[in-house]
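Just so we're clear, the structure is a prediction, and the values are computed from it rather than from any experiment.
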Amino acid sequence: MASSSSSSRQMKHQVFLSFRGEDTRLNFTVHLLQALKDKGLNVFFDEEKLEKGEELSHALSQAIAASDLSILVLSKDYASSQSCLAELSDIMDRKRKPTDKHIVLPIFYHVDPSDVRNIGGTFKTSFEEHESKRPIEDMKRWKVAFAEIGASKGWHIEGGKSDRFETEYIKDVVEYVLKKLNSNCRSVSEELVGIDDQKKKLLVLIEQAGIHVIGLWGMSGIGKTTLADAVYKEVSPKFECSLFLQNISEKIKKQGSESLRNELLSKLLNNTLSIGYPYHERLNNKKILLVFDDVTDPDQMDFVGVKYFGPGSKIIVTSRDIQVLRNGGANHIHEVKKLNMNDSFQLFSTYAFQLLNLPVDFKYLSFKFVEYAQGNPLALKVLGLKLYTKSIKEWKSEVTKLKQCGEIKLSHILKSSLDGLDEIEKNIFLDVACIFKGQHLNYVEKILNNYYKGARCGISKLVGKCLLEVKYESISMHGMLEEMGKDIVMQESEYPGKRSRLWNCKDVEEVISYDKGTDLIKGIKVDMTEVDSLQFCATAFEKMHKLRYINISFPKKMLWLKKLYANQVESISLPDELRFLRWDVYPFKSLSGFNPKNLVVLKLLHGNMEQLWNEDDDMNLTNLREIDVSYCKNLRKMHNLSGAINLELLRCIGCESLVELWSEDDHIELVNLREIYVSECKNIRKICNLSRAINLEFLDCSYSKSLVELWNEDDRMDLVHLRKIYFDGCVNLRKIPNLSRAINLEFLGCSNCKSLVELPCLNHLASLHQYSLRLNGCYSLKKFPKVPRPFCSLDLPETKVEEVSDSIKDLHKLETLWLGKSKVKKVSINILKLEFLRKLDLSGCPIEEVSLPFDPLCNLQHLKMSGSAVKNVSIKLESLRKLNLSGCPMVKFPEIQEA
């Protein structure tokens, strides 16, 4: 155990020493402590004995949290101390955190590491004694931690005559600790918080002979210059001459490239005279370190003749544009990373409080600001300095303002990132900032690509310039870049109706309610959580001829609130330029009168429509990729999709009035359709012919309670791309048609299909695995299913299966077979061929006699037949571990061979 030798709760310790006092306090541990102190290390060490069973003190918990490294001396009675186990658990909790760099070093002192790993020997006895006194959760936590430390790399001191002297071990431990702490140290400078790991990587690259030019790439304010400067200061003494040139693009604009080049060469060559071209040879003889900061053009990387620098010379270049670095010939490009949460809090608190720790009262508000800054060092500094010495009330006020405008200084710096963008790239940036941030990348690309030529390339360039980023397949951007983009749009006009994009709810309400729209408006986004109500008239969008995007969204928890009013009209006039239409709780009865010729995505969740458009309307749906009309409870049919040849997704979840998707007679060429969702459509009775949907991958009909049949057996269904089918909860579905062509099927969900009588043959579906076939609750299933041969488990409880058929022999890898409460009366003798079968459940079955010689089932361990009608059973198995015959009308208890 350990206890503090200092009364200071905030004392920072480099090493936390955990040990069992009675075992090692007066010998090994005290010598180790002295050796660590002799090297100048600050060690947390017990100087008071805690009684056995005492809870881990607050001081000990704080000491563990404040230490960089923990040494655990694991002696024979270590586990007998509950406080030692509590220490160990806290230490291992830190070690498991991915962002925590806490180092843990075990010393196995006169104990076998395998006893620690497996909780054997004296440790087993200690844990057994604790179990009667401690909660189950504590015991579980302690055992996990003990096993983990036992598997960790450390020192094993056996203590026998042939073993080394303990002093030698102590010397090794101290040297290793110093090495680990040196490699794990963090810079104390507020400017350098969180960059040590990145600096180390760059220092390694500096030493590599084949790397001449190193590029540092990242968004404005991320720390490119700071990182380059840190590396420059550390390695510059190793070079004959070195130079750090900040803001090179700005200097070239002001000074001109030739003038600046001569100035730099004069400094590199220690020559104040004019420089002519003979400087090449002089540069060739010098080992030079040069840093070019904020390069925007590849030509800037060579304007001083870096190719003439002598052997061993290094050039570090920072840029917001990765393509500049590539085209400029960088041998290696390093992306400068954002700060993690711990480093963000440290940097923020340094500027906001001039402290290394956050005051308790400000923790929640600090989290808000740190979250807003998203790991950007510049943002953290600017926000922290602004809040310094301010009250909690003022902090709360600043939180409210965060989403209204960015900091002026920061905006000025971030706006420089937009320099050099063409019109398409600028528009894409503004579209994402105002309308599409957080949406799926593929989804946004489809929409934008329909309007901008080369939208995908534009997005790629913006990502390369750190103006956009892709996270988990979604398109995003730094929060301050978003605010900057919105600020640019706000500056277009003081009148909302004359701006290109609207997102502020008051602005949208003014334009919509008072008919102030113009043809300058390209996109509208409304978060209905911020609006009391919104009144629409039939002509609300008539003047917005260039409107491309409408995004009116409700959070799920507010969908029941009626906030949109339709002024007693059945439809609304929408502009033909629309590419994206999302309108939650759409209040009109149809989209009639709207020509969706340019529409790419249609989302009308929880809408009031009875139909999308009239059945006889000749609709041009060529560009339509996605339709989502989920929870439109009045929608009865998807009329006229014949022109939607590029439709990829159709989602109609929870459409309670929907009877069919389309008529059997409709010849719909949905060759690109990949996903269909008709789950929770309680009145749909049949899934129509999908023979033209040759690329269908996903079909979800779950909980459509009236669904009786799918397509006809004679429909030529080419389902070669189909991967997942969900029929779960379709309580009236009696039969699933032939799936012989669905050769790539990976998942088939049929749970709680209470009327399902039989399954089609599935044994040819090589991609279908046992855990992806769900049959629980299929109470009417009568035939033993033919499933793929590699199945290891088969679950058929509570079904009407009466016989385990002869085909059971084909499942040669089967390990578990669950038939509890089914109607099984007979088990085929072929079950004896299943040499890997370990568990068999026939409980509650009407089977009366099991006369099979179970001996061939050499691996059978669990046999459960409780509550069955079995009277006689012959069992002579050495492998058997559990046998349950409770509730059986046994005539004679079976003879069981002893193991």
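- Distance CG/L462 to CG/L468: 4.5 Å, rounded to 0.5 Å.
- For the pair F244/L289, no side-chain contact is recorded, criterion being any heavy-atom separation below 4.5 Å from C-beta on.
- S366 places a side-chain N or O within donor-acceptor distance of the main-chain N or O of F362, the cut-off being under 3.5 Å.
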**Prompt:** Which is it for H102 and S67 under the side-chain hydrogen bond (donor to acceptor under 3.5 Å, both in side chains) test, yes or no, and what are the steps along the way?
**Reply:** CA-CA 8 Å; H102 192 68; S67 301; over 6 Å; no
**Request:** Show the numbers, then the answer: is there a side chain to side chain contact (heavy atoms under 4.5 Å, CB included) between D293 and L245?
**Result:** CA-CA 6 Å; D293 180 48; L245 184 64; over 6 Å; no
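- When the shell of 6.0 Å around NZ of K238 is examined, it contains 12 or fewer heavy atoms from other residues, nucleotides or ligands.
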**Request:** Report the C-alpha distance between V317 and V213 in whole Å, list the side-chain angles of each, state the deciding distance to 0.1 Å, and finish with yes or no for side chain to side chain contact (heavy atoms under 4.5 Å, CB included).
**Result:** CA-CA 7 Å; V317 184; V213 180; 4.1 Å; yes
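- The shortest distance between side-chain heavy atoms of Y169 and I107 does not fall below 4.5 Å.
- At a threshold of 4.5 Å between non-hydrogen side-chain atoms, the residues T296 and D321 do not count as touching.
- One finds the CG atom of L181 at 6.0 Å from the CG atom of D68 (value rounded to the nearest 0.5 Å).
- Of all non-hydrogen atoms in E394 and S391, the two that sit nearest each other are OE1-N, 2.8 Å.
- Side-chain atoms of S313 come within 3.5 Å of backbone atoms of I288 as a donor-acceptor pair (strictly under, hydrogens ignored).
- Counting heavy atoms from C-beta outward, V231 and E234 have side chains that stay 4.5 Å or more apart.
- Counting heavy atoms from C-beta outward, L17 and F44 have side chains that stay 4.5 Å or more apart.
- Formation of a donor-acceptor pair under 3.5 Å by the K390 side chain with backbone atoms of W395 is not found in this model.
- A donor-acceptor contact shorter than 3.5 Å links the side chain of R94 to the backbone of A65.
- In terms of heavy-atom proximity, P377 sits nearest to G221 at CD-O, 3.2 Å.
- The NZ atom of K233 sits 12.0 Å away from the OG atom of S242 when rounded to the nearest 0.5 Å.
- With respect to D196 and K101, no salt bridge is recorded, no charged nitrogen being found less than 4.0 Å from a carboxylate O.
- Between N42 and V15 there is no side-chain heavy-atom pair separated by less than 4.5 Å.
- Contact between A330 and G215 at its shortest, heavy atoms only, is CB-N, 4.2 Å.
- Put simply, the side chain of S70 never gets that close to the backbone of I91: no donor and acceptor are under 3.5 Å apart.
- Formation of a donor-acceptor pair under 3.5 Å by the S152 side chain with backbone atoms of E148 is found in this model.
- In terms of heavy atoms, I211 sits closest to H332 at CD1-CB, 4.3 Å.
- In this structure a side-chain-to-backbone donor-acceptor pair under 3.5 Å is present from W217 to R320.
- A salt bridge is defined here as a Lys NZ or Arg NE, NH1 or NH2 lying under 4.0 Å from an Asp or Glu carboxylate O, and E469 with K338 meets this definition.
- N331 and H212 get closest at one heavy-atom pair: OD1-N, 2.7 Å.
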**Request:** Begin with the C-alpha distance, continue with both residues' side-chain angles, and end with the deciding distance and a verdict on side-chain hydrogen bond (donor to acceptor under 3.5 Å, both in side chains) for Y109 and T24.
**Result:** CA-CA 9 Å; Y109 187 77; T24 65; over 6 Å; no
**Intermediate values then yes/no, side chain to side chain contact (heavy atoms under 4.5 Å, CB included), Q34 and D38** = CA-CA 6 Å; Q34 190 59 51; D38 287 345; 3.0 Å; yes
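- A donor and an acceptor atom, one from each side chain of Q198 and H334, are located under 3.5 Å apart.
- Looking only at distances, a side-chain donor or acceptor of K224 sits under 3.5 Å from a matching main-chain atom of M219.
- What you find for S249 and D294 is that their closest heavy atoms are OG-O, 2.8 Å.
- Enclosure of atom NZ in K287 by more than 12 non-hydrogen atoms of other residues, nucleotides or ligands within 6.0 angstrom is indicated.
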**Message:** Run the side chain to side chain contact (heavy atoms under 4.5 Å, CB included) test on K286 and F239 for me, step by step, so that the C-alpha distance in whole Å, both residues' side-chain angles and the decisive distance to 0.1 Å come before the verdict.
**Reply:** CA-CA 8 Å; K286 286 183 176 287; F239 293 82; over 6 Å; no
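- We find the CD1-CZ distance between I149 and F108 to be 6.5 Å, quoted to the nearest 0.5 Å.
- Contact check for L33 versus K37: side-chain heavy atoms found under the 4.5 Å cut-off.
- Note that CD1 of I428 is 11.5 Å distant from CG of L467, once rounded to the nearest 0.5 Å.
- Distance check: Q208 CD to I214 CD1 gives 8.5 Å after rounding to the nearest 0.5 Å.
- The shortest distance between side-chain heavy atoms of L36 and F45 does not fall below 4.5 Å.
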